[in-house]
There are 2 protein chains.
Amino acid sequence: MARGKVQMKRIENPVHRQVTFCKRRAGLLKKAKELAVLCDAEIGLFIFSAHGKLYELATKGTMQGLIERYLKSTEGAEDPKEEINMLKNEIEVLQKGLRTLLTPDLVAKYAMATIVC
Amino acid sequence: MARGKVQMKRIENPVHRQVTFCKRRAGLLKKAKELAVLCDAEIGLFIFSAHGKLYELATKGTMQGLIERYLKSTEGAEDPKEEINMLKNEIEVLQKGLRTLLTPDLVAKYAMATIVC
DNA sequence: GACTATTTATAAAC
DNA sequence: GTTTATAAATAGTC
């Protein structure tokens, strides 16, 4: 994001990857706290490093408490909801990829604009 | 963050709060995905809006799977003795670092030798 | 682990 | 939802 765009793929250089992990992890935790404070939300966030180390944030109470709330709010429709969300995510990713390749006339030609229901 | 700094407290205007919630929630989810991809991390993130609506992201597998991993990695680590020992070790390391910097007369002057209980 | 040049995120205003 | 001016995050560097 600075002094050069970043490619959205795994950083291969282990030193660069570790440095970026530290910086962005700190940034992510900060943003999560800010969202919770500014907008009165409750956030549970946990990050496993590639080597298995855990970093966590629970903006209210304990992570266990938030996890219980999460499980309660999802119980009853777990599997279908999970699958639907994963499929929606995949569609989103594919569509973003498509948009970068398609010119407006190609879109018109193949009517790709209606790819989404 | 733009056209004016933001005060780190709950946004009182409900419209502003809702708009900010949508924008920042999207930003937070994006940042989490980026961290996972760039640094080969696994992230579980769930957000309850002030009104109880759930937004979630699991960068690998399902949130249930990540929660299980989280619970495993934290179980057993709650032993107070374990944490006390780790903190004592850290203090020892820091003190050794200090001693390499302090000359005897500085130690005498500030009585740093008694910094630990 | 501090310093910029840049990119990104986003608050306010449409 | 789009735009735009500005604040924040951060990639590369030392």
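Computed over heavy atoms, backbone and side chain alike; hydrogens, waters and symmetry mates excluded. Each chain gets a letter, A, B and so on, in the order the sequences are listed, and its residues count up from 1. Note that this is a predicted model, so its numbers are computed, not measured.
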Starting at [atom1] of [X] and ending at [atom2] of [N], how long is that distance when rounded to a whole Å?
X: Q18(A); N: dG12(D); atom1: CD; atom2: P; value: 16 Å
X: F21(B); N: dT10(C); atom1: CZ; atom2: P; value: 13 Å
X: R17(B); N: dT10(C); atom1: CZ; atom2: P; value: 18 Å

Using a 4.0 Å cut-off on heavy atoms, which residues in residues 24-44 of chain B reach DNA chain C? List them by number, or say none.
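Heavy-atom contacts with DNA chain C come from R24(B), G27(B), K30(B), K31(B).
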By side-chain hydrogen bond (donor to acceptor under 3.5 Å, both in side chains) - contacts of [X] (at least two apart):
X: K60(B); value: E42(B)
X: E56(A); value: Y70(B)
X: R10(A); value: E12(A), D40(B)

Could you tell me whether the side chain of L71(B) reaches within less than 4.5 Å of the side chain of Q64(A), counting heavy atoms only?
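Yes, at least one pair of side-chain atoms sits under 4.5 Å.
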Would you say the side chain of S73(A) lies within less than 4.5 Å of the side chain of F46(B), judging by non-hydrogen atoms?
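F46(B) vs S73(A): side chains apart.
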Does any N or O in the side chain of T59(B) come within less than 3.5 Å of the main-chain N or O of I43(B), such that one atom is a donor and the other an acceptor?
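Confirmed, T59(B) side chain pairs with I43(B) backbone.
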Going from [atom1] on [X] to [atom2] on [Y], what distance comes out if it is rounded to the nearest 0.5 angstrom?
X: I67(A); Y: M63(B); atom1: CD1; atom2: CE; answer: 9.0 Å
X: I47(A); Y: L54(A); atom1: CD1; atom2: CG; answer: 8.5 Å
X: Y55(B); Y: L28(B); atom1: OH; atom2: CG; answer: 13.0 Å

Following the transitive rule for hydrophobic clusters with a side-chain heavy-atom cut-off under 4.5 Å over Ile, Leu, Val, Met, Phe, Trp and Tyr, establish whether L57(B) and L29(A) coincide in one cluster.
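In one cluster: yes.
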Protein and nucleotides 12-14 of chain C: nitrogen or oxygen contacts under 3.5 angstrom:
unit_1  : atom_1 : unit_2 : atom_2 : d
dA12(C) : N6     : K23(B) : NZ     : 2.8

Note the angle between the end axes of the helix from dG1(C)-dC14(D) to dC14(C)-dG1(D), five pairs defining each, rounded to 10 degrees.
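Both end axes considered, the difference amounts to 30°.
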